[in-house]
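In what follows, a single structure is set out as structure tokens and then discussed.
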Amino acid sequence: MSAVGLTVDGLVAGYGQTVVLDGLSFELAPRGTLAVLGRNGVGKSTLLTTLMGITTRHMGTIRLGDQQIENLPVHVRARSGLGYVAQEREVFPSLTVEENLQVSMLPGGWTLEKVYELFPRLKERRRNTGNRLSGGEQQMLAIARAVCGGPNVLLLDEPLEGLAPIVIETLFEALLRIRDESGLSMILVEQKAELALSFARDCVVVDRGKIVHRGPSEELRGDYLKQAQLLRVAE
């Protein structure tokens, strides 16, 4: 997998005529990591689904490396190097763990051996179908399936949501290894601000479909007053 960045310029998108993203622009450097923070319902997940081509784009451009992709269908974006881990995990329930991984494999992606080294639990459960996995195991499988596709940029939509603390710790350590060893560029949408800011080099905060803050994660991580102001619950 080669290092490829992502550039978003003036992105306006939503669902049908409903606009959720209102002119978002940002850059993700090759091998960069970006945390996307914000309250519930401000457009964070919509940003990722729009990058994948699942929503209605009204304006703006999306560049994956040197390739303009905003008009490409979802499967072409995936084959061009954009990987996506949905909040709902969306593993194939009737396929085994190994079958889920095998159907996702593309040239340049992770091998079964590499996946099982990262997630030993998946190797133990490799003959179990997707609907016989715990929530944490399904999330491991969703992440593993995405890297098997050989992405250059990996989009993660709240991968730690709703999981037990011990599972969160295991998954977070796996994400750190992917970040440090794979050379991927990564965008992490996450409600747990402390984890997100410790994971990503840079961050943006989204509010009402607009970016209201951007900068190095370390600066915001140490400023709890600013975090409270930016991530406050709406009245």
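Heavy atoms only: backbone and side chains are in, while hydrogens, waters and symmetry mates are out. Nothing fancy with the numbering, it's 1 onward along the sequence.
- Val103 and Val147 fall into different hydrophobic clusters, where Ile, Leu, Val, Met, Phe, Trp and Tyr are joined by side-chain heavy atoms under 4.5 Å apart, directly or via other members.
- With Ile211 as the fixed residue, the side-chain contact (heavy atoms from CB on, under 4.5 Å) test singles out one of Val205, Val204, Leu21: Val204.
- Here the OG atom belonging to Ser185 is positioned 10.5 Å from the CG atom belonging to Leu34, to the nearest 0.5 angstrom.
- Contact check for Leu118 versus Trp110: side-chain heavy atoms found under the 4.5 Å cut-off.
- When the side chains of ILVMFWY residues are joined at heavy-atom separations under 4.5 Å, either directly or via intervening members, Leu195 and Tyr224 end up in two distinct hydrophobic clusters.
- Of the inter-residue distances, the one linking Gln139 atom CD with Gln87 atom CD reads 9.5 Å to the nearest 0.5 angstrom.
- The backbone N or O of Pro216 lies less than 3.5 Å from no partner atom in the side chain of Glu219, so there is not a single donor-acceptor pair.
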| task | For side chain to side chain contact (heavy atoms under 4.5 Å, CB included), just list the numbers for Leu175 and Arg179, CA-CA rounded to whole Å, side-chain angles, deciding distance to a tenth of an Å, and then say yes or no. | result | CA-CA 6 Å; Leu175 291 176; Arg179 180 196 69 183; over 6 Å; no
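- Residues Glu117 and Lys114 are not paired through a salt bridge, judged by the lack of any N-O separation under 4.0 Å between the basic side chain and the carboxylate.
- A continuous path of hydrophobic side-chain contacts links Ile166 to Phe119 [ILVMFWY only; heavy atoms under 4.5 Å].
- Side chains of Tyr116 and Glu98 form a contact here, defined as non-hydrogen atoms less than 4.5 Å apart.
- Environment of CG in Asn71: crowded, with over 12 heavy atoms of neighbouring residues, nucleotides or ligands closer than 6.0 Å.
- Between Arg214 and Asp202 there is no salt bridge, since no side-chain N of the basic residue sits under 4.0 Å from a carboxylate O of the acidic one.
- Listed for the Glu70 side chain is no donor-acceptor partner under 3.5 Å among the backbone atoms of Thr61.
- Side-chain contact between Ile143 and Ile178 is present, with heavy atoms from C-beta onward closer than 4.5 Å.
- Side-chain atoms of Gln138 come within 3.5 Å of backbone atoms of Gly130 as a donor-acceptor pair (strictly under, hydrogens ignored).
- The shortest side-chain heavy-atom distance between Arg77 and Ile62 falls under the 4.5 Å cut-off.
- Salt bridge status for Arg221 with Glu194: present, with a side-chain N to carboxylate O gap under 4.0 Å.
- Taking each heavy atom of Val12 and Gly23 in turn, the nearest pair found is CG2-N, 3.5 Å.
- Of the possible polar contacts, none joining the Thr18 side chain to the Gly14 backbone as a donor-acceptor pair under 3.5 Å is found.
- Under a hydrophobic clustering in which Ile, Leu, Val, Met, Phe, Trp and Tyr are joined whenever their side-chain heavy atoms come within less than 4.5 Å, directly or via other members, Phe92 and Val74 fall into different clusters.
- Crowding of Lys192 atom NZ: a count of heavy atoms from other residues, nucleotides or ligands under 6.0 Å exceeding 12.
- Atoms CG and CG, from Leu122 and Leu133 in turn, are 7.5 Å apart once rounded to the nearest 0.5 Å.
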| field | Criterion side chain to side chain contact (heavy atoms under 4.5 Å, CB included) on Val85 and Leu154, from CA distance to verdict | value | CA-CA 8 Å; Val85 179; Leu154 182 60; 4.2 Å; yes
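- In this structure, CD1 on Ile69 lies 6.5 Å from CG on Leu6, to the nearest 0.5 angstrom.
- Residues Tyr15 and Ile54 are not in side-chain contact: their nearest non-hydrogen atoms beyond the backbone lie 4.5 Å or more apart.
- A heavy-atom distance below 4.5 Å is found between the side chains of Leu171 and Met140.
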| task | Could you walk me through whether Leu47 and Val189 pass the side chain to side chain contact (heavy atoms under 4.5 Å, CB included) test, one step at a time? | result | CA-CA 9 Å; Leu47 170 60; Val189 167; 5.8 Å; no
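- A pairwise comparison of heavy atoms in Val206 and Val42 identifies O-CG2, 3.3 Å as the closest pair.
- Closest approach of Leu231 and Ala193 over heavy atoms only: CD1-CB, 3.9 Å.
- Cluster annotation: Phe172 and Val167 are assigned to the same hydrophobic cluster (Ile/Leu/Val/Met/Phe/Trp/Tyr, side-chain heavy-atom contacts under 4.5 Å, transitive).
- Taking a 6.0 Å sphere around CD of Glu88, one finds it holds more than 12 heavy atoms contributed by other residues, nucleotides or ligands.
- What you find for Val36 and Lys44 is that their closest heavy atoms are O-CD, 3.8 Å.
- Side-chain contact check for Val153 versus Leu64: some heavy-atom pair is nearer than 4.5 Å.
- Under a 3.5 Å cut-off, the side chain of Thr129 and the backbone N or O of Ser94 do not form any donor-acceptor pair.
- Closest approach of Thr96 and Arg126 over heavy atoms only: CB-O, 3.5 Å.
- Between Met186 atom CE and Arg31 atom CZ the span is 13.5 Å, to the nearest 0.5 Å.
- Between Asn100 and Val97 the shortest side-chain heavy-atom distance does not fall below 4.5 Å.
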| request: Determine, step by step, whether Thr56 and Gln17 satisfy the side chain to side chain contact (heavy atoms under 4.5 Å, CB included) criterion, reporting the C-alpha distance in whole Å, the side-chain angles of both residues, the deciding distance to 0.1 Å, and the verdict. | output: CA-CA 8 Å; Thr56 304; Gln17 296 303 308; 5.9 Å; no
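- Within the model, atoms NE2 of His75 and OG of Ser80 stand 9.5 Å from one another, a figure rounded to the nearest 0.5 Å.
- Applying the 6.0 Å contact sphere to CD of Glu113 captures no more than 12 heavy atoms from other residues, nucleotides or ligands.
- A salt bridge does not link Glu90 with Arg145: every distance from a Lys NZ or Arg NE/NH1/NH2 to an Asp or Glu carboxylate oxygen is 4.0 Å or more.
- Between the side chain of Ser217 and the main chain of Ala200, a donor-acceptor pair closer than 3.5 Å is present.
- Screening residues 150-169 for salt bridge (Lys or Arg N to Asp or Glu O under 4.0 Å) gives no qualifying pairs among residues at least two apart or on separate chains.
- Shown here for Gly135 and Leu163, the closest heavy-atom pair between the two residues is C-CD2, 3.8 Å.
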